[in-house]
Each structure stands twice: as C-alpha cells, then as structure tokens.
Amino acid sequence: MFVAMRLVLVLLLVHLGVAARAAEPSTLRISVIPTSVLAPLYAALANGYFKDEGLNVELAPTAGGAIGIPGLVGGSYDIAFSNNVSALSAVAQGIDVQLLAPFPDGAADETAVIARKGEGIKTGRDLNGKVVAVNTNKNVIWLYVREWIRQTGGDLSKITFREVAFPQMLDALKQKQIDAAFEINVFVIAAGKDPALEIVSFPYREVQPQVQPSQFVATRKFIQGNKDKIDRFLRALNRGGEWFDANIGKDELFALVAGFTKLPVDVVRKMNFQPVAKKLELAELDKTMALMKREGLLKADVDTKAMIYTP
Amino acid sequence: MSERLGFEHVTKVYESAGADFVAFDDITLEASPSEFLAIVGPSGCGKSTLLKMAAGLIPPTKGKVQLGGNTVSAPPPGVIYLFQQYAKSLFAWRTVIDNVMFPLEGAPRSQRAELRARCEDYLRQVGLSGFENSYPWQLSGGMQQRVAIARALAADPQVLLLDEPFSAVDALTRMELQTLVLQLWERRKFTAILVTHDVEEAIFLADRVAVLSARPTSLKEIIDVGLPRPRDQLATREDPRFLKLRHHLTTSLLAKGSGHVVAA
Amino acid sequence: MSTIGTIGEISRTGARTNRAAQLIGVRLYGLLLILVLLSLWELSARLGWVVSAYWPPVTAILRAAVGELAGGDMLDALASTLRRAAIGYIVGSVVGVVLGILLGKSRVLRLALLPLIEIIRPIPTPAVIPPLILFLGVDDALKIFIVSLASFFPVFTNTISGVAAIDDTLIQTARTFRIGWLRTLVSVVLPATLPAVTAGLRTATSLTLVVAVLAEMIAGSSGMGYYLVQMQYALRPDLMYAAVLYLAIVGYCLNRAFIVLEARFVPWIGKT
C-alpha cells in the first residue's frame with residue numbers, strides 16, 4: 001500500500017516535471033548542428049552569457065538539419081538553427097515561424113563549388129552536360145548553386161543534379177561519379193589541400209553577396225508568449241558575437257570551434273573567420289524569396305516583413 | 001473402473017461448397033464396460049471421426065453418444081484419446097515425466113510428490129524407467145507412443161480411445177505395443193475402443209470387431225472374436241480360428257457394397 | 001560379428017576426427033581470408049592506391065578503437081544506443097507476441113487489425129521520422145518508438161504464423177484432458193509458439209541495433225548514429241570506422257548470445 005502510494009506520488013511528480021518544462025521560465029531548448037557558423041552561440045554558452053541573463057540554454061545537436069522546424073512545431077525545441085529557405089517554405093505552408101534577428105553569423109562564407117583540377121570548370125557554362133552534387137534537392141544549397149549556374153551561363157536543363165552527403169562528395173568527385181559539388185566549409189578546406197581538386201566559386205557571395213542563409217527560427221506563438229526570454233537570448237547571443245569578433249585569429253576561438261565541432265585544430269586554423277553580420281536586411285530576404293519563386297519552391301509571395309523578429 | 005459407451009443413431013454430415021456430404025449415416029454401436037471393441041473399415045470411411053465424437057471433440061449432426069447415463073457434448077472426464085500422431089500429441093518442451101504429469105497438474109501442490117511417484121510407476125509399466133528427464137524428441141517413435149500411453153494411464157481412463165495408435169511404427173514395435181496395451185487393459189479393466197484398418201490387429205486385441213462399409217459409411221457387421229485370453233503374439237495368431245476370422249473380415253472389407261450381415 | 005562391429009566403430013571415429021580436422025581447416029581459411037582483406041585495406045591506404053580522407057589504414061582504426069577504451073565519447077554513445085535499442089526491443093517484442101497470439105487466435109481481431117498492420121509494415125523508417133517528431137518529439141520517445149516498431153513486425157508475423165501452425169492434435173490433446181482455455185494458452189499454445197517467436201526475436205535482434213543507429217543518424221543528439229555522422233563531418237574517419245567496428249562486435253556478440261540462450265531455453269526448436 002505504502003509502496004503503491006509512493007509510486008503514484010513519483011509518477012505525479014514526473015508528470016508535473018514534464019508539464020512544467022514548457023512553462024519553465026529560464027530554460028530554452030535549441031536544435032543545433034555542430035558547425036563553425038554557430039561559434040557565437042557556443043561562445044555565449046562557454047562564457048556564461050546566457051547564465052548572466054538568467055537563461056538555461058540546452059543544446060540538442062543533430063547531424064542533419066532536417067528535423068529542426070518539425071521539432072519546433074512538435075514542441076521539442078523552442079528555437080531551431082535553420083536557414084532562410086526552409087523558413088520561407090515553412091511560412092508558405094502555413095507554419096508560422098519567424099527569424100530571430102540579428103543573427104551573428106560566426107563563419108565566413110566558405111560554401112563553395114568544387115571540381116577536379118585541370119578540367120577547366122570555371123563557370124556554369126562549363127557544367128553543361130555534367131553532373132553536379134548537392135546534399136539535398138530543393139534546399140538552400142540547391143537553390144544557390146542553380147542560380148549561380150544560371151548567372152554564369154549554364155543551361156539547367158542540360159545539367160544533372162545528384163544528392164550526395166557532404167562527407168562523400170569529394171570521393172565521388174575523385175571517382176568521377178560527379179563533376180562538381182557544392183560543399184560546406186570543412187570539406188572546402190579539405191578540397192583546398194587536395195592536389196586533384198580545386199575551388200571553382202563561392203555561389204552565395206557571387207549570387208547574393210549580403211545574404212545570410214543561416215538563421216535561428218522560432219514559432220510566432222512561442223515568441224509572443226516568451227518575448228522577454230527571446231530578447232534575453234538574443235542579447236546574450238550578440239555578446240557571443242562580440243567575443244567572436246574580438247577573438248578572430250586567436251587560439252581561444254580555434255579551441256572553442258575545435259571543441260564543439262570535434263574538428264582537428266589544424267583544420268579550424270585554416271577557416272576563414274570574418275566578423276559577424278549584425279543585421280538581417282529585409283531586402284536580402286526578399287531577394288531569396290524571388291529566387292525561390294523562380295525555381296518553383298514558392299508559388300506566391302510571403303509577408304517577409306512579418307517574418308523577421310527584432311527586439 | 002470402466003464405463004459403457006454407446007453410439008445411438010449417429011450421423012455426420014459435412015457441408016462443403018453448398019453440397020451436403022454424408023460421412024456416415026445412422027450408426028448404432030455400443031461398447032460394454034471393460035470391453036475391448038475394435039472398429040475396422042476401409043480408409044476414408046470416417047473411423048477417426050467416430051472416435052473423436054466419443055471423445056467429445058466433434059459433435060454428431062444427428063443422434064448422440066452416450067457415456068454411462070449421460071450424453072457426451074464436451075470432452076467427458078475419464079475418456080482419453082490416444083492419437084495416431086503421437087509426436088504431435090506430446091509436448092516437445094516438456095520432459096517425459098512432465099508430459100505424463102500433464103493431466104494431473106490441476107491437483108493440489110501437497111499431492112505433487114505422490115503423483116510424481118505414481119507417474120514414474122506408469123513409466124515403469126510402459127518400460128520407460130530411466131527416461132524421465134529425456135525430451136520426447138530424443139526418443140524413438142515407439143518410445144514416444146509409450147509416453148503417450150503412460151500419460152493416458154495417468155489420467156485414470158475409464159474409456160481409452162485408440163486411433164490407429166500403432167500404424168506409424170515398425171512391425172516389431174507394433175507387436176510390442178499391442179502386447180503392452182493388452183497387459184494394461186487386463187490390469188486396469190477400462191473400456192477400450194480401437195480404430196484400425198489392420199484386420200489382424202483388430203482380431204488380436206478385441207473382444208468384438210465392428211466392420212464399417214465404404215462411404216456413405218454404415219455399420220456392416222459385428223463379429224465376436226472369442227479367442228482365449230491372455231493372447232499371445234505367436235499362439236493367438238497361429239490359432240485356426242484367428243485365420244478364419246482374418247479370412248472372413250478381409251473378404252468383408254474387400255467386398256463392395258453394404259448391408260448387414262450377421263456372422264455366426 | 002564383434003570384429004566387424006569394432007572395425008566399423010574405428011572407421012567411424014576416424015571419419016569423425018577427420019571431419020573435425022577438416023572443419024578447423026575451413027575455419028582457418030575463413031580467418032585467413034579476413035586477414036588478407038584487412039592487409040589489402042592497410043596497404044591500399046598506406047601506399048596510396050586509394051586516396052581519400054575516408055580510407056584510413058586499418059591500424060589507424062584499431063588505434064582509435066583502442067584509444068576510445070581509455071575514455072572518450074564513443075563508449076557513452078554506444079551505451080546510450082544500446083539502452084534505446086534494448087527498451088525498444090523489449091516493448092516491440094512484447095507487443096508483437098501479445099498481438100500475434102491474440103490475432104492468431106481471434107478471427108474478429110484479425111479482420112479488424114490486420115489490414116492496418118499490413119499498411120504500416122512496408123513504410124520505410126526514415127520516411128516516418130518527420131511526422132512522428134510532431135507527436136513524439138525528437139528525444140528518446142521517438143527513437144524508442146522507431147526501434148520498437150522495427151522489432152514488432154518480425155516478432156508479430158512470426159508469432160501469428162506460429163499460432164496458426166500449431167497442430168490441431170496438440171490442442172485436442174489438451175481438450176481431452178479437460179484443460180481450461182487459460183491453461184491451454186499458457187502451457188500449450190505459448191510454448192508451442194515459442195520456436196516461431198524465437199525466430200522473430202532473432203530477426204528483431206539484428207534489426208534493432210541497425211534501426212536505433214539509423215534513427216540517431218537522422219534525429220539524434222547522442223548515440224552511435226549521431227556519433228558516426230558527427231565523426232564524418234569532423235573529418236575523423238578513423239573514429240567513424242572504429243564506431244562501425246564496435247557496432248559490428250556488439251552485433252556479433254548479441255547474435256552469439258542469442259544462439260546460446262536459444263539452445264538453453266528453447267531446446268525443442270526444429271524438433272517437432
């Protein structure tokens with residue numbers, strides 16, 4: 001009898017604990033990908049900036065980024081690390097999310113098109129009749145590589161796109177299963193060291209120089225119910241951005257990035273860290289939206305102005 | 001302990017694809033207490049079905065099966081069935097002794113030791129001492145059927161129904177098992193009903209032999225065996241009366257058509 | 001007569017030793033084959049026959065694997081994967097056995113539930129993860145659910161066909177001894193179905209680990225699946241292959257343990 005009562009009590013407490021999580025005043029649960037772009041976030045965490053704001057930030061790293069926005073809707077996360085294209089698609093589908101601005105982007109644009117050295121691939125025109133690898137079709141990377149190809153004279157109807165995971169792209173290139181790949185930073189560094197490969201272009205920079213693809217996203221409902229918490233989060237995050245700017249080229253930053261990405265420090269040292277962007281421009285979001293409409297990722301305009309949350 | 005078991009105007013009709021199929025029609029037959037009755041008939045005549053009705057496993061379409069003074073509608077106590085497929089009737093996950101104990105497991109815990117000793121004795125009676133802790137699948141076919149017989153004894157049978165129990169073993173083992181069943185029957189005096197297509201087996205074991213015709217099955221004749229007991233595998237089988245009965249029954253089974261012929 | 005018997009016995013024992021020696025020989029060849037392949041791998045990486053960041057020499061992988069024993073993230077990752085796999089396996093298997101027996105025994109339940117189960121069965125796990133996140137979140141509940149779903153199907157289908165395959169004679173035997181339905185279920189139907197259930201459990205055993213890792217790769221913040229992907233992105237193929245090696249060892253051990261337990265607890269498999 002006593003045991004049964006205790007069991008009921010424990011179950012009740014556990015249940016209350018679960019119910020309390022959503023209402024917990026100081027906790028924020030954030031879905032992240034351990035990429036160098038998030039260095040300001042990890043800096044704010046390591047330096048106790050969130051604690052200073054009375055926030056308890058829990059990071060939930062995932063290897064891919066596919067579950068960020070579904071996780072927001074399901075209530076698993078309060079904030080998700082995502083990108084402008086995913087957020088625009090979500091809003092177009094009636095999922096009411098907002099971008100938290102400004103987002104301190106902690107790594108320079110190191111996302112590049114890679115090809116085999118000596119094959120003369122310099123522009124989109126050179127890719128006609130070839131196979132180009134992207135990590136996922138119809139995502140942000142796909143969108144920008146297509147736009148870059150179009151702007152540099154390529155004919156998209158003559159180019160085959162193939163989905164290859166980032167870590168496998170360079171091997172696929174060398175085995176001639178693909179002719180070009182749109183790679184992310186650590187692999188761009190690896191390609192730079194490889195005598196058989198060369199960096200062709202940085203499409204983000206060429207297509208939309210001011211764009212900030214990476215973004216923190218939350219649902220409007222959550223933001224409205226937790227304005228104070230979100231503001232404190234952004235304050236602490238931007239302190240992380242300031243620390244980042246102050247430590248570019250220093251061992252502290254390399255150690256921090258190597259720590260959360262698990263990358264070897266010598267790779268981190270080769271990364272091209274640039275001061276963080278401080279502002280999310282509405283015009284840039286509109287440009288991305290125009291690109292998406294052109295590729296059929298969006299059917300109609302989205303109210304981009306309403307999508308940006310600034311304290 | 002034994003009971004009278006009677007079939008009264010028993011008919012079995014199967015419905016298949018809209019057409020009725022008469023398995024057997026209006027069979028009346030009775031085994032007296034402690035009698036050894038054999039039922040022979042061509043294969044496919046529904047002998048096993050008749051036996052399963054006696055066990056309460058299948059209901060008759062018309063007529064009834066009477067046990068003592070009661071009509072059989074579900075498996076009655078004291079009626080034990082010995083299946084032709086002994087391997088499928090034994091529990092592979094139980095040891096030999098636990099198989100024999102199976103019918104007694106409803107008994108109170110305090111009687112367990114005594115019941116176990118009794119079951120060990122049944123195993124001794126069927127010649128399986130020393131195999132208590134073996135599994136059925138470690139034994140030969142004949143030994144497996146002995147386990148099934150010991151298990152039947154444990155259930156304290158008043159009526160033992162034997163459904164071609166020796167047809168799946170070799171000839172020598174068959175004779176051994178026949179002798180064993182006769183010894184047990186003489187000791188325990190249960191009523192025994194044997195279904196078989198082996199004429200010699202029927203004569204060797206039974207007091208009376210009922211002959212069934214081919215489909216639609218009916219009772220063709222009943223003969224008294226009248227051979228002296230205890231019976232012996234050599235002496236009984238060489239008895240001129242045995243040979244005469246064998247001749248008669250074989251002729252009767254081979255003959256086409258039905259109709260009641262009462263043997264002298 | 002006795003002489004013939006003796007000669008027969010000698011030649012039989014001789015044949016047996018010969019055969020045992022032969023088997024050891026074959027086993028040695030099997031080991032040798034593995035060693036040759038591993039040596040080829042080592043050479044191809046060392047001598048540059050294969051140039052890739054994802055083709056480390058075998059010795060580097062072994063060094064990483066041994067290094068992780070002294071402390072590192074991998075054993076923690078392995079433990080959390082095994083915990084999820086074990087919980088999911090138990091939940092899925094219990095539900096599979098219970099539903100398998102209920103549906104195997106009841107025509108009504110079969111007609112009511114089987115179509116639904118048959119529709120869910122062919123859906124590939126990765127496809128259901130995003131919608132499942134809406135209901136189960138991204139944490140343990142999701143992964144455990146996916147693992148239990150994966151172990152449910154082999155256990156369920158084997159159980160239901162195992163129940164269907166029980167010989168009538170066995171049930172009739174219980175009936176003639178006037179055994180009630182509950183005892184018939186517990187002491188006849190269940191043990192008679194056990195070999196089929198065991199076959200299902202065995203399939204599920206090898207599946208659970210795979211599915212747990214897969215789910216962690218897609219939606220994991222911990223565990224071997226997350227670790228594998230993280231190490232790919234962190235340019236640490238030696239650790240990645242070391243993780244694969246550990247998974248292979250664990251999978252092999254689970255299978256061996258299963259065989260031992262099977263022989264110990266279900267010795268009548270294949271004997272009826």
Side-chain angles (χ1 to χ4, degrees), chain B residues 48-49 51-58 72-95 98-107 133-139 144 147-148 151-165 168, chain C residues 93-94 97-98 100-101 104-105 107 155 158-202 258-272:
Chain B
S48 289
T49 309
L51 216 53
K52 282 185 174 149
M53 282 181 187
L57 293 171
I58 299 176
V72 171
S73 57
V79 176
I80 300 306
Y81 202 104
L82 213 53
F83 290 89
Q84 176 185 9
Q85 297 158 304
Y86 44 81
K88 285 176 179 163
S89 154
L90 294 175
F91 305 116
W93 52 92
R94 287 170 170 252
T95 56
D98 285 342
N99 262 285
V100 178
M101 291 280 285
F102 182 77
L104 301 172
E105 274 170 355
N133 296 316
S134 304
Y135 284 92
W137 36 267
Q138 294 171 323
L139 308 180
Q144 289 183 34
V147 176
R151 185 175 62 185
L153 291 179
D156 191 19
Q158 293 153 48
V159 178
L160 187 64
L161 305 171
L162 301 110
D163 184 1
E164 303 195 34
Chain C
S93 305
V94 168
V97 171
V98 170
I101 287 177
K105 281 270 147 203
R107 204 176 118 81
V155 176
N158 275 282
T159 305
I160 198 170
S161 57
V163 170
I166 293 179
D167 200 278
D168 242 6
T169 307
L170 212 56
I171 304 297
Q172 286 180 344
T173 301
R175 283 185 65 200
T176 58
F177 289 120
R178 297 162 52 80
I179 305 301
W181 71 267
L182 186 63
R183 238 195 90 203
T184 305
L185 184 72
V186 174
S187 8
V188 180
V189 174
L190 269 182
T193 318
L194 212 49
V197 172
T198 312
L201 286 175
R202 196 160 162 187
F258 201 97
I259 291 169
V260 170
L261 291 175
E262 193 178 83
R264 170 80 184 75
F265 291 106
V266 201
W268 65 92
I269 279 182
K271 299 293 175 25
T272 47

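These numbers come from a predicted model, not from an experiment. Convention: sequence-line order gives letters A, B, ...; per-chain numbering from 1.
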Q: Pick whichever of A148(B), P76(B), A155(B), A152(B) has the most heavy-atom pairs under 4.5 Å with chain C.
A: P76(B)
Q. Tell me, side chain or backbone of R94(B) under 4.5 Å from chain C's heavy atoms, or both, or neither?
A. side chain
Q.
So for I179(C), is it side chain, backbone, both, or neither that comes closer than 4.5 Å to the heavy atoms of chain B?
A. side chain
Q | Check against side-chain contact (heavy atoms from CB on, under 4.5 Å), L57(B) and T176(C) | A | CA-CA 8 Å; L57(B) 293 171; T176(C) 58; 3.9 Å; yes
Q. By a 4.5 Å heavy-atom criterion (distance strictly below it), what part of R178(C) contacts chain B: side chain, backbone, both, or neither?
A. side chain
(Q) Give me the atom names and distance for the closest heavy-atom approach of K88(B) to L170(C). (A) O-CD1, 3.0 Å
Mind listing the side-chain donor-acceptor pairs of residues 187-200 of chain C below 3.5 Å, one per line with the distance, residues two or more places apart or on another chain?
| residue | atom | partner | partner atom | Å |
| --- | --- | --- | --- | --- |
| S187(C) | OG | R183(C) | O | 2.7 |
| T193(C) | OG1 | V189(C) | O | 2.5 |
| T198(C) | OG1 | L194(C) | O | 2.5 |

Q: Could you pull out all residues at least two apart from Y81(B) that satisfy side-chain hydrogen bond (donor to acceptor under 3.5 Å, both in side chains)?
A: D163(B)
Q: Using the six-membered ring wherever Trp is involved, compare the ring planes of W268(C) and W93(B) and label them parallel, tilted or perpendicular (cut-offs 30° and 60°).
A: tilted
Q.
Measuring from atom CD of Q85(B) to atom CG of D167(C), what distance do you get when rounded to the nearest 0.5 angstrom?
A. 6.0 Å
Q | Top contributor to chain C interface from P103(B), P75(B), G78(B) [non-hydrogen pairs under 4.5 Å] | A | P75(B)
